[in-house]
2 protein chains.
Amino acid sequence: MEKNAQAMANRSCIIRLSRYKNALNRLKSLNFVRVFSDNLADAAGVTAAQVRKDFSLFGITGNRRGGYKVDDLSDQLNKILGKDQLQEVVVIGVGNIGRALLHYPGFDRSGISIAAGFDIDPAKYHPDGQPPVLPLEQLAEAIRARDVRLAILAVPDYAAQQVLELTLSAGIKGVLNFAPICLKAPGGCVVTNINLETELENLIYFVNATSDRN
Amino acid sequence: MEKNAQAMANRSCIIRLSRYKNALNRLKSLNFVRVFSDNLADAAGVTAAQVRKDFSLFGITGNRRGGYKVDDLSDQLNKILGKDQLQEVVVIGVGNIGRALLHYPGFDRSGISIAAGFDIDPAKYHPDGQPPVLPLEQLAEAIRARDVRLAILAVPDYAAQQVLELTLSAGIKGVLNFAPICLKAPGGCVVTNINLETELENLIYFVNATSDRN
DNA sequence: TAGATTGTTAATCGATTAACAATC
DNA sequence: TAGATTGTTAATCGATTAACAATC
């Protein structure tokens, strides 16, 4: 085991790291120099112990009595979250959702670049667009040419598993899936499912459960 | 405490319930009559004990030896998830994401109806559209007239907290938030945040963490 | 009846929180 | 130095899993 080998954090932990990072960006723009675990805890809605525990998992240390340097901490979190380099992503399926993501302004602001969109419908092709929309047959070539590792999948459910396999064989390592089907990911690749129907069902349950307690 | 008062399930549990429900729909269309906890576990990617434990939390019982009746079970899960009635939702903010959700075909198929979209930009108004896009000023009136309880928020981050408060004061009980900011929900209302940037940061971390272990 | 599956209790596991010695 | 905050260990909490008696 190497000295700097780290335990793999879980999803909740990484979501907290994103929140700390966002809070730090705000502090940075306000010219803060130092920050305490207490402040970050408030900003992220967790306990100060949780913050310190999360940092210790990644070997991030501060100064007893002096807290953490905003700049250093920000750099370290950015590196963990891949914000230290431009992340190129392809969007597969240029329907409702795919088209929205292709032009989502929030990505630009956060170091994420949509390299291209892909579809099987010639009516969607727009090779001169910004980003371009290309035939699905050009996916593998485009991914390899630019060494893209991330894909957003926004195809119909019946096509999703097949397109996933195509995508992975082209070299994609991580997929954000919007198709309403729970995809099976082979080892060595990461798939996160966002299912809008499930999210609303969740909301409905908790709305009912909350108002039922009389 | 009432006899049929149930412990509040957590989010993970409800996500599993959605998966069981989806698996049951498939079995139903294949004319299956009975199903065992084992089958549902496979379909949802969990253990059989987990399935039975989840059911017991909701007082759902089967038949020792005979498993569960597909129809009955489906009805019970549908009721918990609000699928026994049409769920009306408003979409606030008709930008990239909002427009995509306004016309997302997956909602129709799953008993979710978009009542209307709302925006402050007159260029977006389209009162005769299907669904209509109306001025934000008409939000409260429209929500009350149709007794809508759910909203999807897809406005810019700087507007999100203010629009959330407007939405809640109009009577909305549950909000699915796409604005990249962690909204504070007052008690008695439920807010679920979907942050695309955070989702991609998660993916990036796990892609790196997976490929780093050499 | 014999056999298979449920429903539930107890054991395990992992994540969060509390506490406090180390130290700046 | 005295005081405040970290880093880490131990305690707590909650969720998942295993096991098995009940029973169809």
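Convention: sequence-line order gives letters A, B, ...; per-chain numbering from 1. Because the structure is predicted, anything quoted here is derived from the model rather than measured. When reading the values below, keep in mind they use all heavy atoms of this one structure, side chains included, and skip hydrogens, waters and symmetry mates.
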#### Entry: B:Glu141 bridged to B:Arg146 by N-O distance under 4.0 Å
no

## Note on the structure
Heavy-atom closest pair (B:Ile112 atom, B:Lys83 atom, distance to 0.1 Å) is CD1-NZ, 4.2 Å

### Task
Give B:Arg16 one of three labels, base, sugar-phosphate or nothing, depending on what nucleic acid heavy atoms sit under 4.0 Å from its own.
sugar-phosphate

### Task
For residues A:Val133 and A:Val94, determine if any side-chain heavy atom of one lies less than 4.5 Å from a side-chain heavy atom of the other.
yes

### Message
Does either side chain, that of A:Asn39 or that of A:Arg34, offer a donor lying less than 3.5 Å from an acceptor on the other one?
### Response
no

### Message
Using a 4.0 Å heavy-atom cut-off, does B:Arg11 contact any base of the nucleic acid, only the sugar-phosphate backbone, or nothing at all?
### Response
nothing

### Message
Let's test your reading of the pairing rules: Watson-Crick or G-U wobble, both distances under 3.5 Å, then write DNA chain C as a dot-bracket string with ( ), [ ], | and dots.
### Response
..||||||||||||||||||||||

### Query
Can you tell me if B:Asn78 and B:Asp84 form a side-chain donor-acceptor pair at under 3.5 Å?
no

### Message
Check this for me, if you would: do A:Arg16 and A:Asp54 make a salt bridge, where the nitrogen-to-carboxylate-oxygen distance has to be below 4.0 angstrom?
### Response
yes

### Message
At less than 4.0 Å, is any side-chain N or O atom of B:Thr47 found next to OP1 or OP2 of D:dT17? Yes or no.
### Response
yes

### Base versus backbone protein contacts along nucleotides 5-13 of chain D [heavy-atom cut-off under 4.0 Å; B, S, -]
BBBSBB---

### Query
Atom CD of B:Gln50 to atom P of D:dA15: distance rounded to whole Å?
10 Å

### Query
Phosphate oxygens OP1/OP2 of D:dG14: is one of them under 4.0 Å from a side-chain N or O of B:Asn10?
no

### Query
Is there a donor-acceptor contact under 3.5 Å linking the side chains of A:Ser211 and B:Lys173?
no

### Task
Quick one: list whatever passes salt bridge (Lys or Arg N to Asp or Glu O under 4.0 Å) with B:Lys21, sequence neighbours left out.
A:Glu197, A:Glu201

